[in-house]
Novice: 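I have a structure I would like to understand better, so I am pasting it below and will then ask my questions one at a time.
Within every chain, numbering begins at 1; the chains are lettered A, B, ... in the order of the sequence lines, protein sequences first and strands thereafter.
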There are 2 protein chains.
Amino acid sequence: MTDTIDLLRQSGIQPTPQRIAVAEFILGSKTHPSADEVFVMVRQTCPTVSRATVYNTLNLLVEKGLIRQQVLREGTIIFDSHVAAHHHFVDEETGEIHDVPWDAVQVSGAEKLIGFEVHEFQVVMRGRLRAK
Amino acid sequence: MTDTIDLLRQSGIQPTPQRIAVAEFILGSKTHPSADEVFVMVRQTCPTVSRATVYNTLNLLVEKGLIRQQVLREGTIIFDSHVAAHHHFVDEETGEIHDVPWDAVQVSGAEKLIGFEVHEFQVVMRGRLRAK
DNA sequence: TATAATTTAAGACTAAGTCTAAAATCAGGC
DNA sequence: GCCTGATTTTAGACTTAGTCTTAAATTATA
Ligand SMILES: [Mn+2]
Ligand SMILES: [Mn+2]
Ligand SMILES: [Zn+2]
Ligand SMILES: [Zn+2]
């Protein structure tokens with residue numbers, strides 16, 4: 001809570017109750033929620049917050065580098081509190097998105113493609129979550 | 001033209017003028033157009049076709065395996081006439097999507113991730129197209 | 001406390017996509 | 001070549017994700 005406020009201040013974001021609520025939720029989230037999913041959840045702790053403020057705050061957090069956007073789900077952008085490089089696995093049945101650690105997969109050749117100056121890359125996997 | 005008609009028949013799709021126009025366009029396309037981009041282009045050869053028919057036909061072609069959908073651009077799905085496995089490079093300035101041949105990049109470890117049954121994967125790269 | 005700057009909220013607006021129901025087209029049997 | 005039922009197309013209504021606008025509320029500062 002105070003650490004969230006400090007984090008926002010350090011990133012040049014004026015902490016308001018709404019922004020703190022959004023930041024607390026998304027930074028603590030391990031799923032990869034859409035803006036509307038964040039809106040629904042944040043409403044539970046901050047019932048008067050508007051949709052516009054949630055969207056604006058998420059975009060602001062992306063701009064300041066505290067979270068990332070990912071294009072992985074059809075129809076909507078998702079937000080990822082995990083900013084370090086990693087890969088993703090999409091469950092084809094449920095649509096759930098799971099993080100795959102950077103070192104769990106090895107990729108070679110991406111940097112030396114002719115014609116392309118690659119700034120970043122990730123492996124996107126699709127399949128089924130294995131019953132454990 | 002006759003080969004497109006044959007291809008549709010072989011896939012169990014009744015060839016109509018609208019479907020032939022959509023199929024000819026998307027199967028010959030090397031960009032990765034959205035449904036609305038396909039709509040605008042197909043209108044030029046078939047000016048009365050409706051948006052619903054273009055969307056329905058694209059979804060039908062996906063269902064029959066003649067083209068693929070890709071989630072690579074924010075805000076919209078794109079269609080890919082290249083059905084064999086390959087990777088993608090997204091130009092961060094222009095948004096253009098380029099194919100990267102399967103063998104240009106090597107990925108290892110994806111199949112033996114514990115907890116995930118990977119059915120398919122691709123490397124998604126982002127950066128700048130290099131001036132040649 | 002007064003003032004100016006920032007932020008929020010509600011709802012209008014836009015864009016991507018689906019759905020509906022009536023009209024048009026098509027295929028097979030006579 | 002027509003009749004009939006099945007398929008397809010169309011226009012527009014509808015839905016959902018997201019942005020924009022503007023007035024009101026909040027916040028920072030002096
Ligand atoms: Mn955005
Ligand atoms: Mn679809
Ligand atoms: Zn992630
Ligand atoms: Zn492609």
Side-chain angles (χ1 to χ4, degrees), chain A residues 4-6 8-26 31-64 67-80 95 97, chain B residues 4-5 8-9 11-26 32-43 45-64 67-80 95 97:
Chain A
T4 302
I5 294 176
D6 288 345
L8 294 178
R9 284 221 178 85
Q10 282 157 29
S11 305
I13 300 175
Q14 261 196 32
T16 65
Q18 294 88 339
R19 286 172 172 174
I20 296 164
V22 171
E24 293 253 284
F25 176 76
I26 189 63
T31 66
H32 294 76
S34 68
D36 267 301
E37 285 162 1
V38 175
F39 175 55
V40 169
M41 295 308 290
V42 169
R43 278 243 149 187
Q44 296 182 3
T45 61
C46 188
T48 62
V49 72
S50 72
R51 221 162 65 90
T53 295
V54 172
Y55 274 80
N56 287 341
T57 302
L58 289 170
N59 288 337
L60 190 57
L61 295 175
V62 169
E63 201 181 303
K64 300 298 184 181
I67 61 176
R68 301 191 57 182
Q69 283 187 328
Q70 296 281 356
V71 181
L72 288 170
R73 199 192 283 181
E74 63 182 278
T76 186
I77 281 188
I78 60 159
F79 293 90
D80 195 338
I97 293 160
Chain B
T4 303
I5 294 176
L8 293 177
R9 284 223 179 84
S11 305
I13 300 174
Q14 264 197 28
T16 65
Q18 293 88 341
R19 286 171 173 174
I20 296 165
V22 171
E24 293 254 284
F25 176 75
I26 189 63
H32 294 76
S34 68
D36 266 301
E37 286 162 2
V38 174
F39 176 55
V40 168
M41 295 308 289
V42 169
R43 277 244 149 186
T45 61
C46 187
T48 62
V49 72
S50 71
R51 222 162 64 93
T53 294
V54 172
Y55 274 81
N56 287 341
T57 301
L58 289 169
N59 287 336
L60 189 57
L61 294 175
V62 170
E63 200 181 303
K64 300 298 185 180
I67 61 176
R68 301 190 60 180
Q69 283 187 329
Q70 297 279 356
V71 180
L72 288 170
R73 198 192 286 182
E74 64 182 277
T76 185
I77 281 187
I78 60 157
F79 294 90
D80 195 338
I97 293 160

Novice: Measure the distance from CZ on R43(B) to C1' on dA11(D) and round it to the nearest whole Å.
Specialist: 11 Å
Novice: What is the distance, rounded to the nearest whole Å, between atom CG of L58(A) and atom C1' of dG18(D)?
Specialist: 12 Å
Novice: Base, sugar-phosphate, or nothing for S34(B), non-hydrogen atoms under 4.0 angstrom?
Specialist: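 Nothing: the residue S34(B), judged by heavy atoms under 4.0 Å, touches no strand.
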Novice: For residues 9-22 of chain A, which side-chain N or O atoms pair as donor and acceptor with protein atoms under 3.5 Å away, sequence neighbours left out?
Specialist:
| residue | atom | partner | partner atom | Å |
| --- | --- | --- | --- | --- |
| S11(A) | OG | L7(A) | O | 3.0 |
| T16(A) | OG1 | R19(A) | N | 3.1 |
| R19(A) | NH1 | Q14(A) | O | 3.0 |

Novice: So do the side chains of V71(A) and V71(B) get within less than 4.5 Å of each other, counting heavy atoms only?
Specialist: yes
Novice: Strictly by salt bridge (Lys or Arg N to Asp or Glu O under 4.0 Å), give each pair with a member in residues 54-64 of chain A just once, sequence neighbours left out.
Specialist: none
Novice: Whole angstroms only, please: what is the CD1-C1' distance between I5(B) and dC26(C)?
Specialist: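 These atoms are roughly 14 Å apart.
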Novice: If a protein heavy atom is under 4.0 Å from the base, mark B; if only from the sugar-phosphate, S; if neither, -; do that for nucleotides 20-29 of chain D going 5' to 3'.
Specialist: B------SS-
Novice: Applying salt bridge (Lys or Arg N to Asp or Glu O under 4.0 Å), can you list everything that pairs with E24(B), at least two apart in sequence or on another chain?
Specialist: none
Novice: Is there a side-chain polar atom (N or O) of R73(A) under 4.0 Å from OP1 or OP2 of dA17(D)?
Specialist: no
Novice: Among residues at least two apart in sequence or on other chains, which ones pass side-chain hydrogen bond (donor to acceptor under 3.5 Å, both in side chains) with N56(B)?
Specialist: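 N56(B) satisfies side-chain hydrogen bond (donor to acceptor under 3.5 Å, both in side chains) with no other residue.
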Novice: Name the nucleic acid region contacted by T76(A), choosing base, sugar-phosphate or nothing; use a 4.0 angstrom heavy-atom cut-off, strictly under.
Specialist: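 Here T76(A) touches the backbone only, sparing every base.
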Novice: So does Y55(A) get a side-chain nitrogen or oxygen closer than 4.0 Å to the phosphate oxygens (OP1/OP2) of dG18(D)?
Specialist: yes
Novice: Quick one: R19(B) CZ to dT25(C) P, roughly how many Å, whole number?
Specialist: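 Spelled out: CZ on R19(B) to P on dT25(C) is 15 Å.
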Novice: I need the CG-C1' distance between L60(A) and dT19(D), as an integer number of Å.
Specialist: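 My rounded result for the distance is 16 Å.
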Novice: Respond yes when some side-chain nitrogen or oxygen of T53(A) is under 4.0 Å from OP1 or OP2 of dA9(C), and no when none is.
Specialist: yes
Novice: Only one of T53(B), N59(B), V54(B) forms a side chain to side chain contact (heavy atoms under 4.5 Å, CB included) with T57(B), so which one is it?
Specialist: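 Per the side chain to side chain contact (heavy atoms under 4.5 Å, CB included) rule, the option paired with T57(B) is T53(B), out of T53(B), N59(B), V54(B).
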Novice: Identify, between D36(B) and C46(A), the residue whose nearest nucleotide on DNA chain C lies closer to the 5' end.
Specialist: C46(A)
Novice: Provide the full list of salt bridge (Lys or Arg N to Asp or Glu O under 4.0 Å) pairs with a residue in residues 42-59 of chain A, sequence neighbours left out, each pair given once.
Specialist: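 Residue pairs with at least one partner in residues 42-59 of chain A: D36(A)-R51(A).
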Novice: In this structure, how many angstroms lie between the P atom of dT6(C) and the CD1 atom of I13(A), rounded?
Specialist: 15 Å
Novice: What is the distance from CD of E63(B) to C1' of dT18(C), rounded to the nearest Å?
Specialist: 15 Å
Novice: So what does R51(A) hit on the nucleic acid, given a heavy-atom distance under 4.0 Å: a base, only sugar-phosphate, or nothing?
Specialist: base
Novice: Side-chain N or O of Q18(B) less than 4.0 angstrom from OP1 or OP2 on dT10(D)?
Specialist: yes
Novice: Take the protein atom CZ of F39(A) and the nucleotide atom C1' of dG11(C), then report the distance between them rounded to whole Å.
Specialist: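 Checked: the CZ to C1' distance equals 12 Å.
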